[in-house]
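Take a look at the structure below.
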Amino acid sequence: MAKKKLYDRAKSVLAGGVSASMRHHPYLDRPLYVTHGDGAYIWDEDGNQLIDFSNSNGATMLGHNYPAVQEAINEVMSRGPVTAGETEDHVRLAEQLCKMIPSAERVRYASTGSEATAVALRLARHVTGRTKFLKFTGHFHGLSDAFLFQPRQTIHASAKPQATSGGVPTSYAYDSLSVSWNDVEAFDDLMSREGNQVAAIICEPVWYNAGCVPPDDGFLQHLRDAADKHGCVLIFDEVLSGFRMAPGGAQGHYGVTPDLTTLAKALANGMPLSAIVGKGEIMEELAPTGTVAHSGTYSGHPLSIAAANASMEILSKKKTYTELNKTANWFYEQLQESFDAANMPVVVQGLGTRFGVYFDRQDPVRTSEDSEDNDHELNARFVNACIERGVYFHAYRTAGAPGHNGITLSHSREELGEALNVIQDVAKAMKR
Ligand SMILES: Cc1ncc(COP(=O)(O)O)c(C=O)c1O
């Protein structure tokens with residue numbers, strides 16, 4: 001009841017009752033009011049403790065209140081951080097990223113993922129002198145106007161795009177080309193017609209915004225080859241996939257190096273920090289060496305840089321991932337078995353620390369069309385029952401692809417086992 005009252009208060013002062021549209025949990029029809037987090041747990045306004053599978057939309061990959069990160073932030077805070085100042089810490093983090101991320105020869109910090117993808121596209125347009133760009137239907141690259149177009153119907157991926165937001169001029173649509181993920185034929189067809197006008201090919205190399213849809217074998221290399229053939233800039237948007245399964249992110253894992261990469265989320269374990277990294281010759285086109293505009297009062301905020309340096313200490317080590325990936329794979333298998341045991345047609349797909357759950361499906365999800373074929377009503381019944389029993393899954397929409405959830409370095413097998421007990425009970429009860 002307290003939550004409903006708080007939401008009523010919020011709606012009279014916060015636009016839409018929330019501070020970010022995705023914080024409205026569409027299955028609960030309200031946001032989760034959360035007081036604090038620790039490790040794998042969060043606590044809501046009523047004092048309920050929940051095992052957290054959202055992890056701040058994937059940002060707190062080490063877990064909440066992670067001691068090494070907290071200490072680093074507190075140390076800088078105690079010195080009196082100067083916003084809009086450069087420090088040795090900025091340089092140290094960039095040196096570390098250049099060692100970890102295969103495409104990184106230069107680094108530029110920003111504050112959000114949306115800002116990083118907008119700048120990456122601006123750079124690509126500048127160095128190619130072209131305006132069009134190719135994205136994959138449903139991939140999310142933040143909220144700058146250029147990225148807010150989708151084809152009218154997913155099945156006809158080359159159909160005229162329409163804006164997914166009010167206030168975005170339709171004239172922008174002509175620069176935005178989309179094809180279905182993992183559809184080589186549609187991609188080749190579009191590139192054979194438009195390739196010489198395309199500034200950038202951009203993708204989520206693992207499409208986590210649709211749950212978890214990895215690239216087919218050879219697909220990322222195919223994009224690399226096409227970008228080279230047509231003189232386009234290849235951008236991997238690793239805002240979500242960065243650091244998720246290997247120190248070098250998806251590009252390290254699959255062995256395909258883009259020209260530019262965008263990073264955020266796990267980079268600073270939940271503190272606001274993003275980065276554009278990439279080839280020196282492209283990155284040096286940014287002001288002040290070049291003419292491509294990018295600056296920001298909060299870019300590389302000292303508290304975020306401190307959090308990122310502490311996070312990279314852990315995420316740069318290959319051995320961190322040995323146990324993490326083992327635990328993640330074990331959990332995804334157990335999760336799948338929980339639904340199988342209840343005779344529910346559900347597909348679980350996970351890679352590294354994030355996963356998607358597709359209700360009322362038998363076959364793996366590979367393409368943009370596949371991602372839309374799942375049952376949100378069942379998903380909502382499942383998620384709401386889990387939340388009632390202390391297991392939190394976030395949701396982002398009520399139609400189309402489901403959202404992503406995940407585990408962190410702080411989710412031990414004991415906590416995951418507790419969550420699995422709840423999940424098994426909920427699945428069995430739903431089947432009855
Ligand atoms: C792949 C990807 N790119 C870009 C963004 C935008 O990042 P931000 O929310 O920090 O603006 C997101 C956010 O979820 C994302 O998942």
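Just follow the structure's listing: the first ligand is 1, and inside any ligand the first atom is 1. These numbers come from the heavy atoms of this one structure, side chains and all, not from hydrogens, waters or symmetry mates. The first residue in the sequence is number 1, and the count goes up from there.
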> Near T112, which atoms of ligand 1 are under 4.0 Å from a heavy atom of that residue?
Replying inline: 10 (O), 11 (O)
> Does R108 reach the main-chain N or O of V277 with its side chain, forming a donor-acceptor pair under 3.5 Å?
Replying inline: no
>> Which residues pass the ring pair (Phe, Tyr, Trp, His ring centres under 6.0 Å) test with F393, not counting sequence neighbours?
In response: F53, F382
> What atoms of ligand 1 come closer than 4.0 angstrom to any heavy atom of G142?
Replying inline: 4 (C), 5 (C), 6 (C)
> At a non-hydrogen distance cut-off of under 4.0 Å, which region of K265 contacts ligand 1 (side chain, backbone, both, or neither)?
Replying inline: side chain
>> Using the side-chain contact (heavy atoms from CB on, under 4.5 Å) definition, which of the options V119, I282, I235 pairs with I276?
In response: V119
> Which bit of F140 is near ligand 1, meaning a heavy atom under 4.0 Å away: side chain, backbone, both or neither?
Replying inline: both
>> Would you say the ring centers of Y396 and H394 fall short of 6.0 Å from each other?
In response: yes
>> Under 4.0 Å from a heavy atom of L240: which atoms of ligand 1 are those, numbered in the order shown and with their elements?
In response: 16 (O)
> Under 6.0 Å between ring centres, would you say that holds for F355 and F331?
Replying inline: yes
>> Under the rule for salt bridge (charged side-chain N to carboxylate O under 4.0 Å, His left out), what residues qualify as partners of D145, not counting sequence neighbours?
In response: none
> With a cut-off of 6.0 Å (strictly less than), are more than 12 heavy atoms of other residues, nucleotides or ligands near OH of Y172?
Replying inline: no
> What protein heavy atom is closest to atom 16 (O) of ligand 1, reported as residue, atom name and distance in Å?
Replying inline: N209 ND2, 2.8 Å
> Hey, is atom 10 (O) of ligand 1 under 4.0 Å from any protein heavy atom?
Replying inline: yes
> Any idea which protein heavy atom is nearest atom 3 (N) of ligand 1, and the distance to it?
Replying inline: D237 OD2, 2.7 Å
> To the nearest 0.1 Å, how far is atom 6 (C) of ligand 1 from its closest protein heavy atom, and which atom is that?
Replying inline: S114 N, 3.5 Å
> If you draw a 6.0 Å radius around NZ in K11, do more than 12 non-hydrogen atoms from other residues or ligands fall strictly inside?
Replying inline: yes
>> For ligand 1 and E204, I'd like to know whether there is a polar contact (N/O to N/O, distance under 3.5 Å).
In response: no
>> Test your reading of the structure: does G113 have an N or O sitting under 3.5 Å from an N or O of ligand 1?
In response: yes
> Going by the order shown, which atoms of ligand 1 are within less than 4.0 Å of some heavy atom of H141?
Replying inline: 3 (N), 4 (C)
